[in-house]
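In what follows, a single structure is set out as structure tokens and then discussed.
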Amino acid sequence: MDTQTGNATTPDGTRLAYRDHHAPAPDAETTPDSRHPPLLLLHGLAGHMGEWDDLLPLLLADGHRVITYDARGHGASTRRPPDMTRASAVRDVTTLIEELSLPTPVTLLGQSLGGHTAFLTAAAHPHLVDSLILVEAGPAGPSPDLPAEIAAWLDSWPTPFESFSSAAAFLGHEAWARGLEEREDGHHPRWHREAMLAAVADLAARAYWPEWARVACPTLVVRGAKGTMREAEMTQMARTTRRAQPRTGRPPQSPPQPQPQSQTLNAVIEDAGHDVHLDQPRRLHAAVRTFLATRNTT
């Protein structure tokens, strides 16, 4: 595996820390990039790109080029960016695609808030996205109580944590603890409370069903059997009429031609909560692999 690390700079000056992982080519004539669209992984609120470390080798073994990054306001990216709106998160995705010169269209795989960013990107820039994998993420809303709920959750963290083990025990996964910053007095979050609350402000105000209806690419929606995503939301997403468009890296021409309905597939991962990628990475990988294999045969 060849991994390149770096920082991309967005139009508003926000720095995005990323890792660009390349799988070894299976032979001298075929490269992973020529067989699969690149995979861009988007973590959730208060998370970090290291959350994908259990899933990453499985995707690389399938021959994918995989890009992970710390979302604005998180981890090694700018902690106090000037903008934490949903629109700014979408611009971050397009910035990474452009700065890394990724061959388009790409596949976006996002969990929770990262999944929300992923489908908003697909709605706004359909020519950039080949397919979507949304883990515990959807367009339902508005959620007026969400900022208060998030604030209570963040305030419950007994920071600084005395040790890595105590952080992992409280947060539920070592992956969450690996996202903390170790200082002399203990382990601290790599985010600011105000930025996290700003990140969910838009979700408190409205739903995003109109954007979901504009998503043109095939989509896999994944819910943890013990997660927080409601079954009714997943069902409604599958029932929403969406329009597919040709798989091309060029913007759609005007006027658009009639296209067949796009497809939404659902998967429920047993013994998994909201953090499906941490609770059951192998089961998630199996669902992702099956979905992407279907894409590669169409």
Side-chain angles (χ1 to χ4, degrees), residues 2-23 31-44 47-50 52 56 59-60 63-111 113-134 137 195 199 202 208 211 214-219 245-254 256 292 295:
D2 176 27
T3 300
Q4 301 170 352
T5 62
N7 294 284
T9 303
T10 70
D12 68 3
T14 297
R15 184 186 68 257
L16 300 175
Y18 68 83
R19 297 174 189 158
D20 188 358
H21 312 269
H22 295 258
T31 65
D33 294 349
S34 69
R35 297 184 301 135
H36 304 291
L39 268 167
L40 186 58
L41 310 189
L42 296 79
H43 67 77
H48 65 108
M49 59 180 156
W52 300 107
L56 178 63
L59 296 173
L60 291 172
H64 295 283
R65 177 183 177 182
V66 182
I67 298 89
T68 57
Y69 75 101
D70 284 336
R72 62 173 50 220
H74 297 73
S77 295
T78 299
R79 301 276 182 89
R80 293 181 182 271
D83 189 351
M84 287 294 291
T85 60
R86 300 281 66 223
S88 71
V90 170
R91 287 192 294 271
D92 292 345
V93 176
T94 60
T95 294
L96 285 166
I97 291 173
E98 293 169 0
E99 290 213 9
L100 292 175
S101 299
L102 298 182
T104 55
V106 303
T107 295
L108 300 181
L109 191 168
Q111 186 262 346
L113 190 65
H116 198 271
T117 301
F119 84 74
L120 291 183
T121 302
H125 306 279
H127 61 289
L128 295 180
V129 183
D130 175 85
S131 54
L132 282 175
I133 302 158
L134 307 179
D202 288 348
Y208 287 82
E211 287 82 358
R214 293 201 297 270
V215 172
C217 61
T219 302
Q245 65 179 35
R247 297 172 65 183
T248 173
R250 297 184 300 274
Q253 300 300 309
S254 181
L292 293 180
R295 294 292 298 133

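Just so it is clear, the structure is predicted and the values come from calculations on it, not from any experiment.
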Using a strict threshold of under 4.0 Å (side-chain N to carboxylate O), is an ion pair present between Arg91 and Asp83? yes

Are Pro105 and Leu128 packed together at the side-chain level, in the sense that at least one heavy-atom pair is separated by less than 4.5 angstrom? no

For side-chain contact (heavy atoms from CB on, under 4.5 Å), just list the numbers for Met84 and Arg72, CA-CA rounded to whole Å, side-chain angles, deciding distance to a tenth of an Å, and then say yes or no. CA-CA 7 Å; Met84 287 294 291; Arg72 62 173 50 220; 3.8 Å; yes

Determine, stepwise, if the pair Val93 / His125 fulfils side-chain contact (heavy atoms from CB on, under 4.5 Å). CA-CA 10 Å; Val93 176; His125 306 279; over 6 Å; no

Are the side chains of Asp130 and Cys217 in contact, using a 4.5 Å heavy-atom criterion? no

For His127 against Thr104, the heavy-atom pair lying closest together: O-CB, 4.5 Å

Assess the residue pair Leu41 and Leu59 against the criterion (side-chain contact (heavy atoms from CB on, under 4.5 Å)); give the C-alpha distance rounded to whole Å, side-chain angles, the decisive distance to 0.1 Å, and a yes or no. CA-CA 11 Å; Leu41 310 189; Leu59 296 173; 4.2 Å; yes

Quick one, Leu96 and Tyr69 - any side-chain contact, counting heavy atoms below 4.5 Å? yes

If you measure from the Lys or Arg side-chain nitrogens to the Asp or Glu carboxylate oxygens, is any gap between Arg79 and Asp70 under 4.0 Å? no

Check: His116/Arg86 side-chain N/O donor and acceptor closer than 3.5 Å: yes

Any side-chain heavy-atom pair of Leu109 and Leu40 under 4.5 Å: no

Hydrogens and angles aside, do Ser131 and Thr107 bring a side-chain donor and acceptor to less than 3.5 Å of each other? yes

Close side-chain approach of Thr219 to Ile133, heavy-atom, < 4.5 Å: no

Checking the side chain of Thr78 only, and the main-chain atoms of Arg15 only, is there a donor and an acceptor separated by less than 3.5 Å? yes

Ring centroids only, cut at 6.0 angstrom: are His64 and His36 within range, meaning strictly under it? yes

Given side-chain contact (heavy atoms from CB on, under 4.5 Å), test Leu108 with Thr121 step by step and report yes or no. CA-CA 9 Å; Leu108 300 181; Thr121 302; 4.0 Å; yes

Quick one: are Arg65 and Leu102 in side-chain contact, heavy atoms under 4.5 Å? yes

In the structure I gave you, are the side-chain heavy atoms of Leu39 and Val106 within less than 4.5 Å of one another anywhere? no

Hey, are the side chains of His21 and Asp2 touching, using non-hydrogen atoms and a 4.5 Å cut-off? no

Nearest heavy-atom approach of Asn7 to Tyr18 is N-CE2, 3.4 Å

Evaluation steps, ring-ring contact (aromatic ring centres under 6.0 Å, His included), between His43 and His48: CA-CA 6 Å; His43 67 77; His48 65 108; 7.2 Å; no

